[in-house]
Amino acid sequence: MILYLLTLLLLLLVAPILMSFMKALKMWLLFKRPVSLLQGYRDFSKLLAKETLISHEASLVTRTAPFLVLSPLLVALLFLPPAAKGAYYVSFVDAFTLTGLIALSAFFLMLLGLDGASSFGGMGSSREAFIAALVEPAMVLTIFSVSLMAGDLGVGQAGVNLAHHFPKAHMASYLFAAISFFILLIAENGRIPVDNPETHLELTMVHEAMILDITGVYLAIVETAASVKFVIFASLFASLFMPFGLDLPAPAALGVFVLKLFLVAAAVALVEVNTAKLRLFKVPNLLGIAIVFAFLSLITFYVLGA
Amino acid sequence: MFVFDTLSLVFVFLILLGAVPNLFYSFGYLPHIERKAHYLVHYFAFILSMLGVVTAGNALLFLLFWELMSLTSWQLILTEAKEKSTIDAARFYFFMTHFGFVFLLLFFLIVTDGDLEAGFGAMHSVAHAFAYPTLLFFFLILGFLSKAGAVPLHVWLPYAHPAAPSPVSALMSGVMLKVAIYGMFRFLFDVLYPWPMEWGVLILVIGALSSLIGVLYALSEHDIKALLANHSIENIGIILIGFGMGMIFDALQLPLLAGFAFIAALFHTFNHMSFKSLLFMGAGSVLHETHTKNIEKYGGLMKTMPVTALTFLLASVSISALPPTNGFLSEWMIFQSMLGSHAIDNMSLKLAIPFAVFALALTGGLAIACFVKAYGITFLGLHRSANARHAKEVNAAMRTGMLLMAGVVVSLMLFAPAFISLFDRALTGLGHASVYKAIFPEGVWHMHSVGVHGGVVSPVILLAALLLITALLWFGYRALGVKERLHRTWACGYRTGARTQYSATGFAGPIRRFFNWLYRPEEHFVKETLAGHATKFDRSSYDVHVKPLFERSLYAGAAALANRISYWVYRLAHFEQTRYAAMIFNLMLLVLFSYRIFAHQFSWATFALESAVMIISIKVLIIGDKS
């Protein structure tokens, strides 16, 4: 139980650092002076000290949606696979519920975008809805395939199973599922080929457009939600597709786990540096690749058993 | 005469759950209806006839109540027949419902063997003696699914539901479609029971198509009630996916998975009744206050209509299948039953089911987009028209109706185990093994899948966790003592106005563009440019209208074909009189040959021979050498 709480705390603490790490790595690769890893915390504390500006045009939704954007993600955080052997994990929530919770958070974020009566908010929500709708099938199919290999649909149990029985026999479908999940990770978190998290050029942005009118503590909450979402995806990727290191002694296991998170973040940063942002109507092609890989993964599992 | 087994009682319960809040709502709505007596008579007759359908114990009563249900709902659509479009919609509904009725009649004429007062048990033996069970199955699904609104017989829904008064649309979409589902359930189990796997596959395909097509056309719709009607098509599709999976599992001798899938279908039937009724009531309240069905004319209604807005939000979250609502639970069950497909031995079927998973998941994603659009454009932002500015909350009776229905939605979520046990008993009543114990092996908190490596979900714990964490966050925010200031929305320094907001057309824009090959929209773009500058204009308007593809191809095509045939019949009627004898002779030949083909053993050789004889005699005797 203590280990479980420790993991939760660790994930929460590491979330802003991961975001700053990706930014810093990108800047370093572009020969700029990197930002500090603690930038996330600085922004957070700065935003907490500010007053919140609420738009005249907004309704009850602006006041409640930030909480409802964050809370499903925090609940999802409780249900992640364990990071160390013997850690308690919640076994009664499966992968569908996890995707549902993430969708619930996105639902309120989209409403938040529409609430301010600003055309940018609407634009962001509309694009987010478009991308999220196409992410959903790939996500479900990938889950389907991974659950077959892990022998359980529950994410916690699946992580443990994979760590103990690495699916050597099903390497092909396992890899296809991993590729599909990595694309989904990028798409769901609004990283570069899909959305540019750093730009504030209205015509290109998705996530930032929705929260253009959010300030102060509310902005801090929504930004935290974004980093928590990344941590959820990164740790799912780490537990499901890099399932090793669970048997080490607890401190080492946690260390390896965090290292894996940084590895995922570094991979995302490398992809970001090396690609340009896609046009909105090219994004379905990328997600189409994710869907195709998810299907391939299932088909190779069924037909070849590989 | 009447049956009161558990399946009937489950559906009686469904009708009552749908009708009681509707009565309150209807009572609040009544002052705005001109022909009150006409409305009330048909309204109560409608509810009673639905109760009659689900309890009828023989074919005659069933058909009587079924027809009564169709006719009263048809009259209810005509309650406020001021516009031509309403009359057209009613005529279309009348035609479609009787199109289905013909097939039901054929079905019953065959399975009752002439004795229309025979019970369902007697029909079972007749149906099994009949040589072409698949024909019976097709009659059955044509009859019931045209009422339920499954593709391709769904085209009447987006016309009929918006035309009816709002309480009636809630009742038609929420309850009447479910009565059709009852009919399918009842007769597939009681009359046609051991079914081949292919029937299940057909139902699965129809369900997957309905769900995708329903949600895609809902997205492109600006009329709020037509949008909801299209979502009914989607949800009927989801129910049929569950039902089809159940039929497939049953045919493959996997009773546990079959029971699970049937329960999922029944659960979704209840859930759709609850949230769709609530959504139609909410839409009715908005329509009642703003006097328009066009979403683009709403906006900002959350501030003035809080009860409507919050209940609509609850229903939107539920219909989008987001956890931990009831809509999520039933969709979760349907997903789980599809994941159970890896227990199937048949490889081609095993490979095909992921495509249904794909369809259902895409439907879920698009439904979220659609309800963000419907909710955001209707209730959030600034008022988009003068009508929306003058809207106020509806009267107490209508509010009570909506709140009661919201209570039904919430109780379906909280008391899911109780409902599932009810559905389980309905299935055991039909001779199915009980699966309740397998779904809840360790108490009512955790809902398990019955598949081999299935998942678990615990709605109540999830809800509690969500509420607790939200409350903690909120208290944290309060504890910080943050200062709040009101200010205009920042829009790059321009004034925020109602006209610069995102519109529903714009919101669905990317998705509509992606599915352009399906929509093939008619776009109207008017721009008044200033002094010949292409980029400077003071007024522009963009309007896009999507006409359903099925209607254009299938129905308009059928109408054109009927025209052509009638032209040939007309030409035949003007032959010389000597040929009438030849025509009568040919008709008799046709009847006799058809009788032979249908009533006796079918063989391709005799079929080919008889066709050749027919064609030669038509060519020689009727058409002759003239063209």
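Labels below follow one simple rule: chain letters A, B, ... track the order of the sequence lines, proteins then strands, and each chain is numbered from 1.
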Peer 1: Check whether A:V135 gets within reach of chain B through its side chain, its backbone, both or neither, counting any heavy atom under 4.5 Å.
Peer 2: neither

Peer 1: In terms of heavy-atom proximity below 4.5 Å to chain B, should A:F301 be classed as side chain, backbone, both, or neither?
Peer 2: neither

Peer 1: Counting only non-hydrogen atoms closer than 4.5 Å, does A:I131 touch chain B with its backbone (N, CA, C, O), its side chain (CB onward), both, or neither?
Peer 2: neither

Peer 1: What are the two closest heavy atoms between B:L380 and A:L114, and how far apart are they?
Peer 2: CB-O, 4.1 Å

Peer 1: Pair B:Y477, A:F67 - check ring-ring contact (aromatic ring centres under 6.0 Å, His included), show working.
Peer 2: CA-CA 9 Å; B:Y477 176 73; A:F67 303 115; 5.6 Å; yes

Peer 1: Kindly say whether the aromatic ring centers of B:F328 and A:F96 come within a distance under 6.0 Å.
Peer 2: no

Peer 1: Please classify the contact of A:L298 with chain B as side chain, backbone, both or neither, using a heavy-atom distance under 4.5 Å.
Peer 2: side chain

Peer 1: Are the side chains of B:F358 and A:E136 in touch, meaning some heavy atoms are under 4.5 Å apart?
Peer 2: no

Peer 1: Between B:I368 and A:A103, what is the shortest heavy-atom contact and its length?
Peer 2: CD1-CB, 3.9 Å

Peer 1: For B:S503, which atoms come within 4.5 Å of any heavy atom of chain A: side chain, backbone, both, or neither?
Peer 2: neither

Peer 1: Within the 4.5 Å heavy-atom criterion, are A:L60 and B:M302 side-chain neighbours or not?
Peer 2: yes

Peer 1: Do you know which two heavy atoms are closest between B:Q501 and A:A117, and how far apart they sit?
Peer 2: CG-O, 3.4 Å

Peer 1: Taking the six-membered ring for Trp, are A:F295 and B:F355 ring centroids under 6.0 Å apart?
Peer 2: yes

Peer 1: Taking 4.5 Å as the heavy-atom cut-off, does anything in residues 331-343 of chain B contact chain A, and if so which residues?
Peer 2: B:W332, B:F335, B:Q336, B:M338, B:L339, B:S341, B:H342

Peer 1: Considering only heavy atoms, which portion of B:I461 lies under 4.5 Å from any heavy atom of chain A: side chain, backbone, both, or neither?
Peer 2: side chain

Peer 1: If every non-hydrogen atom of B:T489 is compared with every non-hydrogen atom of A:S55, which pair is closest and at what distance?
Peer 2: OG1-OG, 2.6 Å

Peer 1: Please flag which part of B:L480 lies under 4.5 Å from any non-hydrogen atom of chain A: side chain, backbone, both or neither.
Peer 2: side chain

Peer 1: Please confirm whether the ring centroid of B:Y502 lies under 6.0 Å from the ring centroid of A:F120.
Peer 2: no

Peer 1: Please state whether the side chain, the backbone, both or neither of A:Y302 comes within less than 4.5 Å of a heavy atom of chain B.
Peer 2: both

Peer 1: Which atom names give the shortest non-hydrogen contact between A:E57 and B:H487, and what distance separates them?
Peer 2: OE1-O, 4.5 Å

Peer 1: Given that the side chain runs from C-beta out, which part of A:D152 has a heavy atom under 4.5 Å from chain B: side chain, backbone, both or neither?
Peer 2: both

Peer 1: Which atoms of B:V372 are under 4.5 Å from chain A, going by heavy atoms: the side chain, the backbone, both sets, or neither?
Peer 2: both

Peer 1: Pick one of side chain, backbone, both or neither for B:L467, based on which atoms fall under 4.5 Å of a heavy atom in chain A.
Peer 2: neither

